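Notes follow the structure.
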Amino acid sequence: MELGQMQKSLQDYTKSLFVEGILDSQFLQLPQLQDESNSDFVSQVVSLFFQDSDRILNDLSLSLDQKVVDFEKVDPYVHQLKGSSSSIGAQRVKNACVVFRSFCEQKNVEACHRCLQQVKQEYYLVKNRLETLFKLEQQIVASGGMISAMDLGF
Amino acid sequence: MTVEQDCVALDQFPVGMRVLAVDDDQTCLRILESLLHRCQYHVTTTNQAQKALELLRENKNKFDLVISDVDMPDMDGFKLLELVGLEMDLPVIMLSAHSDPKYVMKGVTHGACDYLLKPVRIEELKNIWQHVVRSRFDKNRGSNNGDKKDGSGNNEGVANSDPNNGRANRKRKDQYNEDEDEERDDNDDPSSQKKPRVVWTVELHKKFVAAVNQLGFEKAMPKKILDLMNVEKLTRENVASHLQKFRLYLKRISGNQQAIMANSDLHFLQMSNGLDGFHHRPIPVGSGQFHGGAAAAGMRPFSPNGILGRLNTPSGIGGVRNNLSSPSSGMFLQNPTDLGKFHHVSSLPLNHIDGGNILQGLPMPLEFDQLQTNNNKSIIAGNSMAFPSFPTQQSSLPNNNNHLVLEGHPQASPSAFPGHQINKRLEHWSNAVSSSSSTLPPAQNSNSIIIGHQFDVSPLPHSKPDSLEWNTQNASSSYSIPFFYYDSSQMRQSGNYGPTTDAMLSSNPKEGFIVGQQKLQSGFMGAEAGSLDDIVNSTMKQEQSQGDLSEGDLGYGGFSSLRTCL
């Protein structure tokens, strides 16, 4: 594929993520923080996010699977996930967390299970999309192209 | 603004401002770190609160500002906040994904100078340096003129009130700004200039107390007090501010009858002086809302170097106890008799109050913090921090959670207030404060009051270290401790005080001056004297702008500007 086309694809792809609400403007702040001194910033942060989230989702599953669910434990996990997803701009994940928390407060186990599923779904979605995004970028870079911050946002 | 200019002038500050960022979530921490770098700050990160404390303790001068997440597994962010405030007297900004006002409130009352919501944006971080300036400024003000640090503080003023963190209620802030501007005009000096501080020496305070007694506590109005005192160069604002602090002080101590009485004078003075730490923003008069300003920036936990430092930083509260007994915590006015009703404990250890007392004061800031965040919050509950109100809290200084730790008593017998002597009033004051603490919701009047308590009558030496030493030297009755400086421009009244204050006041008819006893606590105040002033000032200002304080809703309270004296 030609470089120009790849770049166009990248832009379109990125745009779609925003349009679909998978990412929000917070995500746009990330490339702005990237510079020569931390040229990998965006991918580093996103990786950290994936790591943290994988761990949290795992812990959440375990907690909710207990016979007696300890909401005192569940809530902080969700809260943390909400914080990190919002910092990265994973809007739908964050929104799902908000809903999840409200059910935690109500101590509604079943609803919480559903929420967890929802959060996981949104998370896997954003993870998948971001991974694709990075691949596209890598391809461009590999072909000698440059990715600018502009490409990552509108 | 002048302050900003000054800041910039000082070695390129805020560039290179040293920030310690604490967050257990590595994603957020990494982003925060980058954002801070982007703002050209020098950043150190850690994902453990315990480690953060170690870093801070290792070298207190290594950092200018701390930003910490609220929810951390190894230590509650609020707890870290308190400890940092107490031990290191650094501005702390809380960070959280919780936008629930009660968390914000908690932040304020625990002494945070700001509360940011995640996701954090760079715009918000760009202004955080203001907290550092403000706190230095306040400290500067609190101490003897010219003593303190660099010039960043000197120009008071407008800058303070203005940049208040974006987060605070905009409404209040606007109001506040408006009011502040008005108030400033009322001041003797242009607000942008440093006003000469009034040092409330023991002598002066005695006169003040005598005047208040003569007029009747409830009826004591700054103007009349001023007339009775007949002191040259003392302005109504100065008196108003002092009065406010005094009232707050009384409330605070009212909860703690025992022991405090003796030290009240000193305590009071110390407290007042101690407020330095809080940078208070001028409390806007208007709306009765709390001055965000006061509370806001300044509310850091009072633990200014002085008192707290002595007290012993390590554990903060726990530590305090020990400290108190040993050094004479500065706070107190040693002259029990001189002060008339207040007796202060001459030898420190009054702290016995509960060892924790002194600290009690410390934690206050928490409350204050909340205040701060609200822009208008008056010092309210802050008192936990600032004032050493030893009140009943003995054991728990840290308890502050949102409470004005003040005095433990939730309510002393209020009713008799007016008639009582200063001692009683003090009690009330304490009580009031206590009560207010419990109710503290930022919006309420309680805000301002708290700070008041702390003022022990005793003049507190402004410089922090002094305060502690002070006690030891205490012996002589005539020390003239630079009392707090009133920054008249700062005082503003938030007008919220009304209800709470009244309640508080009434609660303790007889506690008398708890202050005295709390001497130790007071000591602490010394350090922050400036802040107290500010608080008082702001409160007073409000008073001024609103007309007589006493008439206000507040009743005594009037202290709107409870800046977190801490």
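In this text, all values refer to a predicted model and were calculated from it rather than measured experimentally. So that the names make sense, note that chain A is the first sequence line, chain B the second, and so on, each numbered from 1. Computed over heavy atoms, backbone and side chain alike; hydrogens, waters and symmetry mates excluded.
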Highest number of heavy-atom pairs under 4.5 Å with chain B: which of A/S37, A/G83, A/G89, A/S84?
A/S84
So which atom in B/I31 and which in A/S87 form the shortest heavy-atom distance, rounded to 0.1 Å?
CD1-O, 3.4 Å
Report yes or no: do B/R38 and A/Q32 form a side-chain donor-acceptor pair below 3.5 Å?
no
With the side chain counted from C-beta on, respond yes when B/R30 and A/F49 share a heavy-atom pair under 4.5 Å apart, and no when they do not.
no
Under 4.5 Å heavy-atom distance to chain B, tell me which part of A/Q51 shows up: side chain, backbone, both or neither.
side chain
Does atom CD of A/Q5 have more than 12 heavy-atom neighbours from other groups under 6.0 Å away?
yes
Apply side chain to side chain contact (heavy atoms under 4.5 Å, CB included) to residues A/Q34 and B/S34 and explain how you reach the verdict.
CA-CA 8 Å; A/Q34 186 163 297; B/S34 273; over 6 Å; no
Residue B/E123 versus chain A: region with a heavy atom under 4.5 Å
side chain
Is B/L35 close to chain A through its backbone or its side chain, or both, or neither, when contacts mean heavy atoms under 4.5 Å?
both
Counting heavy atoms not belonging to A/E72, are there more than 12 under 6.0 Å from its CD?
no
Within the distance-only criterion (no hydrogens, no angle test), does the side chain of A/Q26 pair as donor or acceptor with the backbone N or O of B/R121 below 3.5 angstrom?
no
Near A/K73 NZ, under 6.0 Å, is it more than 12 heavy atoms from other residues, nucleotides or ligands?
no
Donor-acceptor contact present, side-chain A/D52 to main-chain B/T27, <3.5 Å:
yes
Please classify the contact of B/H98 with chain A as side chain, backbone, both or neither, using a heavy-atom distance under 4.5 Å.
both
Within the side chain of A/K82, is there an N or O that forms a donor-acceptor pair under 3.5 Å with the backbone of B/A97?
yes
More than 12 heavy atoms from other groups under 6.0 Å of NE2 on B/H37:
yes
Between the OG atom in A/S85 and the CG atom in B/D25, the distance rounded to the nearest 0.5 Å is 9.5 Å
Portion of A/I56 that has a non-hydrogen atom of chain B nearer than 4.5 angstrom
neither
Side-chain donor-acceptor contact under 3.5 Å, B/D71 with A/Q80
no
Shortest non-hydrogen pair, A/L48 vs B/Q26, comes out as CD2-OE1, 3.1 Å
Chain B: which of A/S47, A/P76, A/S86, A/S53 shares the most heavy-atom pairs with it under 4.5 Å?
A/S86
4.5 Å side-chain heavy-atom contact, A/K94 and B/P119:
no
